[in-house]
Visitor: 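Quick one: the structure is below, questions incoming.
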Amino acid sequence: MTDFLLTGVHVAAALAVVLVIGYAGRSAARLLRQPETVGEIVAGLLAGPAAVALLGRSKFDAVLPGDVLDIMKLVAEVGLVLFLVGLAHKLRLGAHRSSLRTSAWLVAGGLVPAMFSGVLFAGWILLSDDPDVRGSAPLPAFVLMCAVALSITAVPVLARILAERNATDTLEGRLSMTAAVVIDTVGWLLLSVAVGLSTGELNGFVQSVVVLGGGAAAALGVRSALRTRAAHNLCEQRPLVTAVLLGAIALTMALTVERLGLTAIFGAVLVGLALPPDGPWQQVANRVTNLGRGMIPFFFVVTGVTVFAGGIGPLPWALTAGAILLAVLGKGMGSYFGTRMAGQPKQTAVTVGILMNTRGLTELIVLKVGYNADILTRPVFVALIVMAVATTVMTGPLLLLTKWSPGQPVRTSVGSKSQDDSP
């Protein structure tokens, strides 16, 4: 009992420190006119290496032992899941405003050119003929890993940027979030393939496909249950109880999906999309997502601390510059042209291209998987880490340059079904 209480106090103290780190990052970001989430990411990236440098590895491990760190990770993931439930519900509210053709073009534009840029990046490394950079991973695994790395859009970071700008309900926000969720789901499936190719086994990919289908079936079951008269009455009469139950359902599905090989993001989004789009459910979704929004700093900072506590090593400048250039061209320009092909106006396409180029911590987690599987060498790993941070940091200044005003009603292109994107 005493050990349990001590662990609880330890966790509470560690989470308090995380909140301070997140606050410092947000304050610095505001001073630099950056999205607050960028400040949280950078603060998280710097916190781990800085603590190790100051305390030494042994003292750092004593301050943050494994059991405490595991609980902190769980708390961080809970916040992310709850936040994404409400966000996905807003996408559900606007689902009829984005046609399948529009979504398909945007997904294709945000995925295919970006993956091709990753292939070019891998080809550049192969032509350099440097074994320290290339490594010894099988060629298909290495090329696919690079393609996945340059195609990711960070759903949590994008969601936070949109929320900070009150832009979740805008046309650009809905288009970019819908495409990002689809692309990241595909990315996790392809990541499973890359890891399987590196080991000679593709069981992980088969399992991911099965989990994908099972999750979709479970979401349909949740949707049917929530549409019953009993669920509607409970939502109207006991919104707080309903919010707690909804949060429990979302956490159960998200954590189950993650343990079975896919990202928890997928499970959270499925539950949000399963919510009925009308009536009192909006209030319930808002309760859930507001709680998650307050916990999001845990996700950003804890992930940064845990992934990069050991440092990242020297910076390969040429490799980093090439990665950033190819990433921006593939993701940003690809998303721009995909949006234009979907019939959207130029300003909308520019904004979506900027938003889709946001990579953040989802990219960092994907890179860590590739590095731990010995697919990526240390120089490539470091170059892509810097690329992920740089493309995320670009988002705020580029949006300022475009003078995007999310507070104004967004007009769709000629021929679109709706003229106003507000719900």
Visitor: Got a second to check how far N286's CG is from L291's CG, nearest 0.5 Å?
Guide: 12.5 Å

Visitor: Applying side-chain hydrogen bond (donor to acceptor under 3.5 Å, both in side chains), run through T178 and S103 and close with a yes or a no.
Guide: CA-CA 7 Å; T178 300; S103 299; 5.6 Å; no

Visitor: Quick one: does V366's side chain get under 4.5 Å of M145's, heavy atoms only?
Guide: yes

Visitor: Side chains of Q344 and L171: closer than 4.5 Å at any heavy-atom pair?
Guide: yes

Visitor: Who pairs with Y371 by ring-ring contact (aromatic ring centres under 6.0 Å, His included), at least two apart in sequence or on another chain?
Guide: F381

Visitor: Between M72 and V75, is any pair of side-chain heavy atoms under 4.5 Å apart?
Guide: no

Visitor: Within the structure provided, determine whether L226 and V222 are in side-chain contact (heavy-atom separation under 4.5 Å).
Guide: yes

Visitor: State, yes or no, whether a side-chain contact exists between T348 and T339 at a heavy-atom distance under 4.5 Å.
Guide: yes

Visitor: Evaluate the criterion side-chain contact (heavy atoms from CB on, under 4.5 Å) for residue pair V380 and L384; output intermediate values, then yes/no.
Guide: CA-CA 6 Å; V380 177; L384 292 176; 3.8 Å; yes

Visitor: Please table the atom pairs, donor to acceptor, closer than 3.5 Å between any side-chain atom in residues 209-220 and protein atoms at least two apart or in another chain.
Guide:
none

Visitor: On a heavy-atom basis, which atom in V133 and which in L319 lie closest, and how many Å separate them?
Guide: CG1-CD2, 4.0 Å

Visitor: Taking all atoms of both residues into account, what is the closest heavy-atom pair of A285 and L275, and its distance?
Guide: CB-CD1, 3.9 Å

Visitor: Begin with the C-alpha distance, continue with both residues' side-chain angles, and end with the deciding distance and a verdict on side-chain contact (heavy atoms from CB on, under 4.5 Å) for N290 and F83.
Guide: CA-CA 7 Å; N290 286 341; F83 177 57; over 6 Å; no

Visitor: Got a donor-acceptor contact below 3.5 angstrom from the R223 side chain to the P276 backbone?
Guide: no

Visitor: Enter the distance from F121:CZ to L126:CG here, rounded to the nearest 0.5 Å.
Guide: 10.5 Å

Visitor: Between K331 and S151, do the side chains contain a donor N or O and an acceptor N or O under 3.5 Å apart?
Guide: no

Visitor: Say whether, by atom type as modelled, one donor and one acceptor occur between the side chain of T170 and the main chain of A167 under 3.5 angstrom.
Guide: yes

Visitor: Is there a side-chain contact between V352 and Y336, using heavy atoms and a 4.5 Å cut-off?
Guide: no

Visitor: M394 and side chain to side chain contact (heavy atoms under 4.5 Å, CB included): which partner among V389, V328, L399, V38?
Guide: V328

Visitor: Not counting sequence neighbours, which residues clear side chain to side chain donor-acceptor pair (under 3.5 Å) with D374? List them please.
Guide: none

Visitor: So how far is it from M356 CE to M177 CE, rounded to the nearest 0.5 Å?
Guide: 10.0 Å

Visitor: If the condition is side chain to side chain contact (heavy atoms under 4.5 Å, CB included), which residues does L120 pass it with, not counting sequence neighbours?
Guide: F116, L326

Visitor: With the side chain counted from C-beta on, respond yes when R340 and W105 share a heavy-atom pair under 4.5 Å apart, and no when they do not.
Guide: no

Visitor: Under the side chain to side chain donor-acceptor pair (under 3.5 Å) test, which residues partner S335, sequence neighbours left out?
Guide: none

Visitor: Working to the nearest 0.5 angstrom, can you tell me the gap between R287 CZ and Q283 CD?
Guide: 5.0 Å

Visitor: I want to check something: taking the side chain as every heavy atom from C-beta on, are R134 and F142 in contact at a cut-off of under 4.5 Å?
Guide: yes

Visitor: Quick check on R238: does its CZ atom have over 12 non-hydrogen neighbours (other residues, nucleotides or ligands) under 6.0 Å away?
Guide: no

Visitor: Looking at OG of S176 and CG of N357, how far apart are the two atoms once the value is rounded to the nearest 0.5 Å?
Guide: 12.0 Å

Visitor: A327: what forms a side chain to side chain contact (heavy atoms under 4.5 Å, CB included) with it, not counting sequence neighbours?
Guide: L150, R359, M387, T391

Visitor: So how far is it from L175 CG to L355 CG, rounded to the nearest 0.5 Å?
Guide: 10.0 Å

